[in-house]
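Scroll down for the structure; my scribbles are underneath it.
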Amino acid sequence: MTLHLQSQVSLKPFNSFGVDVRAQLFAQAHSDADVREALAYSAAHDVPLLVIGGGSNLLLTADIPALVLRMATRGIRVLSDNGSQVVIEAEAGEIWHPFVQWTLAQGLSGLENLSLIPGTVGAAPMQNIGAYGVEIKDVFAGLTALDRQTGELRDFTLAECNFAYRDSLFKQQVGRWLILRVRFALDRVEHLHLEYGPVRQRLTEQGIDHPTATDVSQAICSIRNEKLPDPAVLGNAGSFFKNPLVSAVLADEIRLAHPGLVGYPQADGRVKLAAGWLIEQAGWKGFRDGDAGVHRLQSLVLVNYGTATGLELLKLAQRIQRDIAERFHVELEMEPNQY
Ligand code: FAD
Ligand code: NAP
């Protein structure tokens with residue numbers, strides 16, 4: 001037995017909200033064998049298994065009556081290189097941002113817009129992480145997951161993952177698939193995505209007319225550092241709500257009353273509204289109730305000023321949801337995974 005099981009472990013250091021709940025059992029997986037051992041323990045002792053990575057997309061509302069398994073597997077390898085495209089495979093426990101930096105240092109582009117997203121490689125497919133006009137589906141080359149129902153390994157292609165806006169098969173079939181490693185097809189020739197306003201603007205301000213992928217990464221890191229609270233300083237889970245997709249009719253109705261509405265037309269005819277704009281218009285920006293609050297610079301981010309519980313954060317989120325529904329007839333869906 002190599003798995004080191006601990007009982008009654010505080011998960012405060014293991015979730016970016018810094019919520020203090022306890023795991024009945026806790027262990028870190030450093031290999032596939034550790035993962036299998038945890039699954040066997042869970043089955044033999046009839047204890048549920050909850051897999052986590054960096055804990056940056058979790059809302060923990062109570063003690064967790066489960067074995068919490070934190071993925072800590074490491075390893076990055078080149079699977080193929082045809083001179084222009086390189087397929088890289090990374091273990092689930094690799095930390096996302098250093099992994100992105102590693103790819104850039106190899107002269108590979110594709111992940112630069114996803115710089116500085118917290119968390120692990122293994123969790124990235126869960127909600128098809130996205131930022132500044134790029135989602136991992138755009139560079140995805142497959143993954144290997146363990147089917148927790150059968151214990152078998154399965155390789156997934158892009159089409160099989162059902163990736164959508166902040167969504168995937170793995171999020172839909174919650175608890176079934178344990179992602180072990182993920183593959184990315186990256187380019188030696190850069191195809192940069194600069195269409196998100198602030199990115200091009202930041203590069204222009206820096207006097208960079210012909211950016212490299214590393215320039216784009218650095219610009220995005222500087223924008224994010226200015227706008228988003230650092231979880232090490234102020235607990236948060238990034239965007240707390242997804243940007244709602246509404247009908248063009250509803251978007252037009254809202255715009256009549258609120259001409260400044262921020263919305264982006266989608267290929268399917270719907271309009272993606274900026275949830276942060278709706279929340280700010282409703283007056284929640286900077287709101288604080290005890291230690292649960294709405295960030296003063298970014299209304300989409302709920303924050304924990306210290307001792308907020310998961311339930312207090314959840315109640316605040318529900319108040320915001322009700323208010324937005326009443327004012328705009330728009331349903332906001334929470335993004336973090338609630339346990
Ligand atoms: P966790 O929070 O540990 O887990 C998330 C979910 O995935 C849970 O349901 C967990 O059970 C499951 N899971 C974790 N690992 C595995 C695995 N190996 N196999 C199966 N299931 C697993 N997200 C974006 O999309 N774009 C952003 O720009 C962005 N910015 C953020 C900024 C900040 C400041 C913060 C705090 C969060 C941000 N996020 C963003 C959200 C978050 O960082 C991502 O969703 C990230 O991928 C979560 O990774 P994690 O390892 O922390 O996952
Ligand atoms: P922003 O630039 O202030 O823009 C507000 C919203 O409008 C964004 O959420 C974005 O939607 C949308 N948007 C902006 N420009 C767009 C364009 N050209 N085309 C289509 N949609 C556009 O956003 P921000 O809060 O500072 O975040 C910047 C990026 O980082 C966004 O992509 C955001 O999703 C990502 N981010 C995500 C999290 C998270 O936890 N999920 C946390 C922080 C930042 P999209 O969100 O759909 O891109």
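The figures that follow rest on heavy atoms only: side chains count, while hydrogens, waters and symmetry mates do not. Both counts, for ligands and for their atoms, begin at 1 and track the order of listing.
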Starting from [atom], which protein heavy atom do you reach first, and at what distance in Å?
atom	answer
atom 20 (C) of ligand 1	W177 O, 3.3 Å
atom 6 (C) of ligand 1	N337 ND2, 3.4 Å
atom 1 (P) of ligand 1	G55 N, 3.6 Å
atom 46 (C) of ligand 1	P118 O, 3.5 Å
atom 11 (O) of ligand 1	V51 O, 2.6 Å
atom 44 (C) of ligand 1	I129 CG2, 3.8 Å
atom 41 (N) of ligand 2	E335 OE2, 2.8 Å
atom 6 (C) of ligand 2	A274 CB, 4.0 Å
atom 4 (O) of ligand 1	L58 CD2, 3.8 Å
atom 9 (O) of ligand 2	N243 ND2, 2.8 Å
atom 30 (N) of ligand 1	R224 NH2, 2.7 Å
atom 25 (O) of ligand 2	Q298 NE2, 2.6 Å

Could you tell me which atoms of ligand 2, counted from 1 in the order shown, lie closer than 4.0 angstrom to a heavy atom of [X]?
X	result
G238	40 (O)
K272	11 (O), 20 (C), 21 (N), 45 (P), 47 (O), 48 (O)
K227	1 (P), 2 (O), 3 (O), 24 (P), 26 (O)

Side chain, backbone, both or neither: which part of [X] comes within less than 4.0 Å of ligand 1 when only heavy atoms are counted?
X	answer
N236	both
Y339	side chain
A237	backbone

Taking all atoms of both residues into account, what is the closest heavy-atom pair of [X] and [Y], and its distance?
X	Y	value
K12	G306	NZ-O, 4.1 Å
A213	S109	CB-CB, 3.7 Å
L25	Y41	CD1-CE2, 3.6 Å

Between [options], which one has a non-hydrogen atom sitting closest to [atom]?
atom	options	result
atom 36 (N) of ligand 2	S56, S239, G276, P336	S239
atom 48 (O) of ligand 2	F240, Y132, Y264, Y196	Y196
atom 23 (N) of ligand 1	Q127, R70, Q298, E91	Q127
atom 52 (O) of ligand 1	G93, S56, G235	S56
atom 12 (C) of ligand 1	K171, H295, M126	M126
atom 26 (N) of ligand 1	G130, A131, P231	G130

Quick one: does [X]'s side chain get under 4.5 Å of [Y]'s, heavy atoms only?
X	Y	result
N128	F140	no
F241	L278	no
S168	P125	no
L180	L153	yes
D63	Q24	no
L302	V294	yes

Parallel, tilted or perpendicular: ring planes of F156 versus W177, cut at 30 and 60 degrees
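The arrangement is perpendicular - the two ring planes meet at more than 60°.
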Describe, in one word, how the ring planes of W102 and F99 are oriented to each other, choosing from parallel (under 30°), tilted (30 to 60°) and perpendicular (over 60°).
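Judged by the thresholds at 30° and 60°, the geometry between W102 and F99 is parallel.
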Mark up the atoms of ligand 1 that fall under 4.0 Å of a heavy atom belonging to [X], in ascending order.
X	answer
M71	18 (N)
I117	26 (N), 27 (C), 28 (O), 29 (C), 40 (C), 43 (O)
G119	49 (O), 50 (P), 51 (O), 52 (O)

Just to check, does [X] reach to within less than 4.0 Å of ligand 2 when the distance is taken from its heavy atoms?
X	result
W277	no
R166	yes
L228	yes

Backbone N/O of S222 and side chain of N225: donor-acceptor pair under 3.5 Å
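No, because the side chain of N225 does not come within donor-acceptor range (under 3.5 Å) of the backbone of S222.
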Between R319 and D289, does at least one N-O distance fall below 4.0 Å, as a salt bridge requires?
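Looking at R319 and D289, the cut-off is met.
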Salt-bridged, E205 to R202, with N to O below 4.0 Å?
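Result for this pair is yes, salt bridge flagged.
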Under 3.5 Å between some N or O of ligand 1 and some N or O of [X]?
X	result
N57	yes
G54	yes
G238	no
L178	no
L228	no
T120	yes
I52	no

Sort out for me which residue in V51, D34, I52, T120 forms a side-chain contact (heavy atoms from CB on, under 4.5 Å) with M71.
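Testing M71 for a side-chain contact (heavy atoms from CB on, under 4.5 Å) against V51, D34, I52, T120 leaves exactly one candidate, V51.
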Pairs flagged by salt bridge (charged side-chain N to carboxylate O under 4.0 Å, His left out) wherever residues 100-120 is involved - sequence neighbours left out:
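Qualifying pairs: none.
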Determine if the distance from atom 11 (O) of ligand 2 to the closest protein heavy atom is below 4.0 Å.
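It does: a protein heavy atom is found less than 4.0 Å away from atom 11 (O) of ligand 2.
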Please say which of R166, K171, K242 ends up in a salt bridge (charged side-chain N to carboxylate O under 4.0 Å, His left out) with E335.
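Of the listed residues R166, K171, K242, the salt bridge (charged side-chain N to carboxylate O under 4.0 Å, His left out) partner of E335 is R166.
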Will you find, in the side chains of S84 and N82, an N or O donor that is under 3.5 Å from an N or O acceptor?
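There is such a pair (donor and acceptor under 3.5 Å, judged by atom type) between the side chains of S84 and N82.
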Classify the contact between I129 and ligand 2 as side chain, backbone, both or neither, using a heavy-atom distance cut-off of under 4.0 Å.
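The answer is neither.
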Do L261 and V246 sit in the same hydrophobic cluster, where Ile, Leu, Val, Met, Phe, Trp and Tyr count as joined when their side-chain heavy atoms come under 4.5 Å apart?
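Cluster IDs for L261 and V246 match.
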Verdict with reasoning, W96 to F184, per ring-ring contact (aromatic ring centres under 6.0 Å, His included):
CA-CA 13 Å; W96 180 260; F184 303 90; 5.8 Å; yes
Validate the cation-pi geometry between R70 and F14: distance from NZ or CZ to the six-membered ring centre under 6.0 Å, angle to the ring axis within 45°.
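Negative - R70 is either too far from the ring of F14 or too far off its axis.
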